[in-house]
Amino acid sequence: MDNRKQLENYICQKLRNIFNLKLLFIALIGLIVTLVYTVSNHTVMIYSKLLISEILVCFFIVMVYLICTLRGQALEQDVRYKYAKGGSCYLWYDKTYRYNKKINWLEKVDQLLKDNHIFLDKPLTLLSPSGCKGKYEKELATKNKNIQCIVTDIHIPENHEIGENNYLYLAKSHNALEAAAYLKEIHIHEVDVIWDMKGALWYLSKNQQECIELLTVYHQILSKDGVVIIDAYHYNKVKEVFAPILESGNWIPFYGEKSTYQKLNEDTNTELNRLFDVRLLGNGEEKIAILHKKRI
């Protein structure tokens, strides 16, 4: 990565976090209160300078926020900057993991799979092509000694889980589209489960061609009865608006983005159903979709 671009993105994200929607909301409340007071007391001329100052403050906040957002988005077209230190998603994994621990997400998902006869405790190979720090996969591997768990990502984060026993973290960065090639390097030709929770499919869903290509790659590397497991909770527009306002520091009140299934279902439904039989399991935030490989 270019250190200069990483620093530029870091500054953009810092300024964006300072001049954010919460600050704008507070400034607008101040403007409205002043406006109501001056109109009701017929003192608009007296407080005109204060009103102009507050309008300029709101305008300044909006402009800084927009400039930093647009520049940050341009830099983060390269996903490595997005998850590197200072990037917009640098803290996303830890915040989401902390929230999932609070709601016992992994335990609920594991139970859903067992209730539907998808046993992660029997001998099988599980690939997580965009596992980030690999914490969920490490827990699965620790709990289920019979599985071989392989984790990697397009950007290798700091402090990822270290490989041991039946858990292997490929320390070199890998693109999920090249899964067949990097699996071949470690003498694996097929996997039984692909664990892709808000990972490669989620990210590539904005590019229909690449998303379809990835679905094809997954189909090719899966064993005869293999499955892809993705998140499938329903996410509404109201949460999308309030998520960035309500989240604070290392805390989130709920998921701040659409699920993988929701994004796939909007853009690549035809190809998804051509390659896989789709089964939805569970409700609420632990709802998942099981993509069973079709024989085509």
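Everything quoted here is computed from the prediction, not taken from an experiment.
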Would you find a donor on one side and an acceptor on the other, under 3.5 Å apart, between the side chain of [X] and the backbone of [Y]?
X	Y	result
N116	I118	no
D153	C132	yes
S128	V151	no
N166	I147	yes
K258	H234	no
N207	E210	yes
N165	Y167	no
D192	G226	no
T125	V191	no
K293	L222	yes

Taking the six-membered ring for Trp, are the ring centroids of Y136 and Y93 within less than 6.0 Å of each other?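 Yes: the rings meet the under 6.0 Å criterion.
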
Centroid-centroid distance, W105 to Y99, less than 6.0 Å: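 Centroid separation for W105 and Y99: 6.0 Å or greater.
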
Compare all side-chain heavy atoms of [X] with those of [Y] and state whether any distance is below 4.5 angstrom.
X	Y	answer
I221	I194	yes
I230	I288	no
L275	K294	no
I188	Q148	yes
V227	L291	no
I156	K172	no

CG-CG distance between L120 and N146, expressed to the nearest 0.5 angstrom: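 Spacing of CG (L120) from CG (N146) equals 11.0 Å.
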
How far apart are the C-alpha atoms of E137 and Y169, what are their side-chain angles, what is the distance that settles it, and do they pass the side-chain hydrogen bond (donor to acceptor under 3.5 Å, both in side chains) test? CA-CA 10 Å; E137 297 83 350; Y169 196 106; over 6 Å; no

The criterion is salt bridge (Lys or Arg N to Asp or Glu O under 4.0 Å); which residues satisfy it with E286, sequence neighbours excluded?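 For E286 there are no salt bridge (Lys or Arg N to Asp or Glu O under 4.0 Å) partners, ignoring immediate neighbours.
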
Face-on cation placement of K198 at Y255 ring, 6.0 Å and 45° thresholds: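 Yes, a cation-pi geometry holds between K198 and Y255.
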
Do we get K184 above Y182's six-membered ring, with its NZ or CZ under 6.0 Å from the centre and within 45° of the axis?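 Checked: cation-pi criterion not met.
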
Distance-only donor-acceptor check, side chains D231 and T260, under 3.5 Å: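 Indeed, the side chains of D231 and T260 share at least one donor-acceptor pair under 3.5 Å.
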
For E257 and W202, which I'm curious about, is there any donor-acceptor pair between the side chains at under 3.5 Å?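 Result is no, nothing qualifies.
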
Pair E190-K224, salt bridge (Lys or Arg N to Asp or Glu O under 4.0 Å): steps then yes or no: CA-CA 9 Å; E190 63 179 23; K224 183 177 66 174; over 6 Å; no

Do other residues, nucleotides or ligands put more than 12 heavy atoms under 6.0 Å from D115 CG?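 Correct, the count exceeds 12.
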
Decide whether I296 and L272 are clustered together by the hydrophobic rule: side chain heavy atoms of Ile, Leu, Val, Met, Phe, Trp, Tyr closer than 4.5 Å, transitively.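 Yes; L272 is reachable from I296 via cluster members.
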
Where at least one partner belongs to residues 206-232, residue pairs that pass ring-ring contact (aromatic ring centres under 6.0 Å, His included), sequence neighbours excluded: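 As it turns out, the ring-ring contact (aromatic ring centres under 6.0 Å, His included) pairs with a partner in residues 206-232, which skip direct neighbours, are H219-F276.
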
